[in-house]
K.L.:
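I'd like to ask you about the structure that follows.
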Amino acid sequence: MRELRYKKQIYDLVKKRSQEDDNVNEYRMPDAYDDEGGVNQEKRFSVAMERYRDSKDGDKMNPFAEQEAWEDHQIGKATLKYGSKNKKQADDYNFVFEDQIEFIQGQVMGGVNVDDEVNEEEYEKSIAKSAHEKLLADRKTLPVYPYRESLLKAVEDHQVLVIVGETGSGKTTQIPQYLHEAGYTKRGMIGCTQPRRVAAMSVAARVSQEMNVKLGHEVGYSIRFEDCTSDKTVLKYMTDGMLLREFLGEPDLQSYSVVMVDEAHERTLSTDILFGLVKDIARFRPDLKLLISSATLDAEKFSDYFDSAPIFKIPGRRFPVEINYTKAPEADYLDAAIVTALQIHVTQPPGDGDILVFLTGQEEIETAEEILKHRTRGLGSKIAELIICPIYANLPTELQAKIFEPTPEGARKVVLATNIAETSLTIDGIKYVIDPGFVKMKSYNPRTGMESLLITPISKASANQRAGRSGRTGPGKCFRLYTAYNYFNDLDDNTVPEIQRTNLANVVLSLKSLGIHDLLNFDFMDPPPAEALLKALELLFALSALNKHGELTKVGRKMAEFPLDPMLSKMIVASDKYKCSDEIISIAAMLSIGSSIFYRPKDKQVHADNARLNFHMGNVGDHIALLKVYSSWKETNFSTQWCYENYIQVRSMKRARDIRDQLEGLLERVEIELVSNPGDLEAIKKSITSGYFPHSAKMQKNGSYRTVKHPQTVYIHPSSGLAQVLPRWVVYHELVLTTKEYMRQVSELKPEWLVEIAPHYYQLKD
Ligand code: ADP
Ligand code: MG
């Protein structure tokens, strides 16, 4: 009882902190703003859910009544609440947490193949001495290890092999090494594709350690704008997008002896296109081995597609996972996730396992990190140490290794991850998974050609993968921050492959430059909607990348050299004409960083805002402001101090510089001269418009805008320098949907430019 009272004290402290939160202005990234100047998760949730429901046929009749009935029934079945094994514990639990989130236990996901190799593992580990010896011993404990010989035999016997194995069984890190050990790298490289850059980098790092070689030598990685390989490289991890680009230079992939298309179940756009391309070259390159690996069991589909290729199953080890649902829908999933994490941390002994929380993106993860730090600050030794480990696509390399470091005794790790931790990365030691049920996805409307980032409910398949992350090293628990009714009735079974919900302009341009003209008859595993293909052709035609026969033009050929979206590469190619390529590649680089440029420390918000406004002086628009940031930094000789003084993220800027250097190299390749013309803002904006004229909008009443080509109501994002200015005509970089459809990175344009630049696309009416 004393212990309970103690826990209650701590909980009260934590709660007090969280109430303080309401008064304190939380630290937020500027990008996370909505019109009220704060992040409105509740609104965001309801918008996402509404959209999602709208997108499905017909509304459900009063879903909540049904849900309540269902849940009453469930409560009758399972009175256990989270954290309680019996009635008494449940009472104790309520005593500690008055303001808790209530969970209802649902199904238990079965444990499979929990075998008795554990003793052998322990033995292997105990005799190992040096760190490297330990790594070698660890390799032998992975589920794939006992199948090493039969796998090698299968690869020898078959040209194409589909490999299926639970996440963490060793597919990505081990199979390329086995093939290397068996001599396949004597004839060429082994290439292994990953849908995500962080996965490619981190897996390559791990494998180089296991092989005791320097990263970038025998084992390397290649991601967009970053090539960490050398002449020595034999195992090459890369994003699927990079292998796609390699086809442009080497259409038969002659330098490879094995291609492993990993994480095939993710069905990213690039992976889907790769399927068609590798299937084709395998026909005339009998020496090329093709491995298609996947974490889920719908391998039949891959096998069918690859002319009935055999399926090699690696039996996994999985412990049972207890699934818990919230009693009622949680309006604010971010807060619910934080409260749940703290509930677990305070009530469960620290040594018993780490926590993995799935969030939708960098901004959300940073917000969660701040709040968690705030609520546990000053509790000192009252609670066990909580080590917060964020992981998302643009996390700087130095910080990526942190999530894999073993948790020190007496502490607990909470990993705040995007979908990357769903199957791409395996983090050992996770016992609790918190799943809010959302993911950030690109959504695309093939009718209007409009694309936007959208927080969307996940599929059942995703939810189960997420839950499975908690049962790798022992029995796990998964807390779903949605109701069982939501799970069974609202979530789709599977995620729709990206190819069916995205803008295809980029892919069409790549295929055209590979000489593949008949796109309608390309061997797609799941063909994209014909409408989307047509829209892509239309856009490429409007950008002058294709002629009216659908053939690649000179402009299109140049555009295809840039690993960028066609609108962005068109903007660069057009800068030749407007004699400002130097400025335009700086802007293109700044637009491609993918993470925030400015930051806003809680205690210095006014300073930070002023620093930001400096770059927007004269209402030049966001593109020119980005240029000013880059040029000013360059003038200080890339000073870190200058970044601090101006509340600018040094890392983002360094990345911009790297990207810019590469774009400069590509300019040379397509024979565009590097010309600087910093004073002529009109020339710069005309170049931008040459790429982005399909993204133009005209002001309507009360601060809203209407997109010109396919009328839709949009708003200027509050983080834009033009948010208060509201020019009559604007061109924008991208649309983001949070509480409203927002245009991000906006510049003013003159309507006559549209007629001048894209007469075939726009005819001016007023
Ligand atoms: P799969 O591809 O089947 O999901 P992996 O080969 O990625 O499995 O992982 C096998 C093991 O290697 C896992 O236990 C995982 O924790 C470990 N591992 C993978 N990448 C790293 C890394 N960067 N650092 C430390 N351990 C890693
Ligand atoms: Mg893997």
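We're numbering straight along the sequence, starting at 1. Below, all heavy atoms of this structure are taken into account, side chains as well, without hydrogens, waters or symmetry copies. Atoms within each ligand, like the ligands themselves, are counted from 1 in listed order. Not measured: the values here are computed from a predicted model.
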K.L.:
Could you tell me if R480 sits above the aromatic ring of Y487, with its cationic atom closer than 6.0 Å to the ring centre and no more than 45 degrees from the axis?
P.N.:
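Yes, R480 sits over the ring of Y487.
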K.L.:
Hey, does the side chain of H345 reach the backbone of A384 with a donor-acceptor pair shorter than 3.5 angstrom?
P.N.:
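The answer is yes, because a donor-acceptor pair under 3.5 Å joins these two groups.
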K.L.:
Between Q159 and A282 (side chain of the first, backbone of the second, donor and acceptor by atom type, cut-off under 3.5 Å), is there such a pair?
P.N.:
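Here the side-chain-to-backbone pair exists.
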K.L.:
Assess the side chains of Y333 and E364: does a donor N or O sit below 3.5 Å from an acceptor N or O?
P.N.:
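Looking only at side-chain atoms, E364 and Y333 do form a donor-acceptor pair, the distance falling under 3.5 Å.
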K.L.:
Checking the side chain of H132 only, and the main-chain atoms of E210 only, is there a donor and an acceptor separated by less than 3.5 Å?
P.N.:
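It does hold such a pair.
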K.L.:
Residues around ligand 1, heavy atom under 4.0 Å from any ligand atom, sorted by chain and number. Can you pull those?
P.N.:
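Residues L142, E166, T167, G168, S169, G170, K171, T172, T173, S202, R206, F404, T426, D428, R472 each place a heavy atom under 4.0 Å from ligand 1, listed by chain and number.
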K.L.:
Do side-chain atoms of R196 reach the backbone of S424 as a donor and acceptor pair under 3.5 angstrom?
P.N.:
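It does not hold such a pair.
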K.L.:
I want to verify a count. Protein N, O or S atoms less than 2.8 Å away from the Mg ion (ligand 2), how many are there?
P.N.:
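Step by step: take the Mg ion (ligand 2), keep protein N, O, S below 2.8 Å, and you get 1.
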K.L.:
Go through the steps to decide whether R148 and E181 satisfy the test salt bridge (Lys or Arg N to Asp or Glu O under 4.0 Å), and finish with yes or no.
P.N.:
CA-CA 11 Å; R148 185 181 184 279; E181 289 152 10; 2.6 Å; yes
K.L.:
Hey, does the side chain of K171 reach the backbone of G165 with a donor-acceptor pair shorter than 3.5 angstrom?
P.N.:
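Confirmed, K171 side chain pairs with G165 backbone.
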K.L.:
Do the side chain of E498 and the main chain of T268 share a donor and acceptor less than 3.5 angstrom apart?
P.N.:
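Side chain of E498 to backbone of T268: no pair is present.
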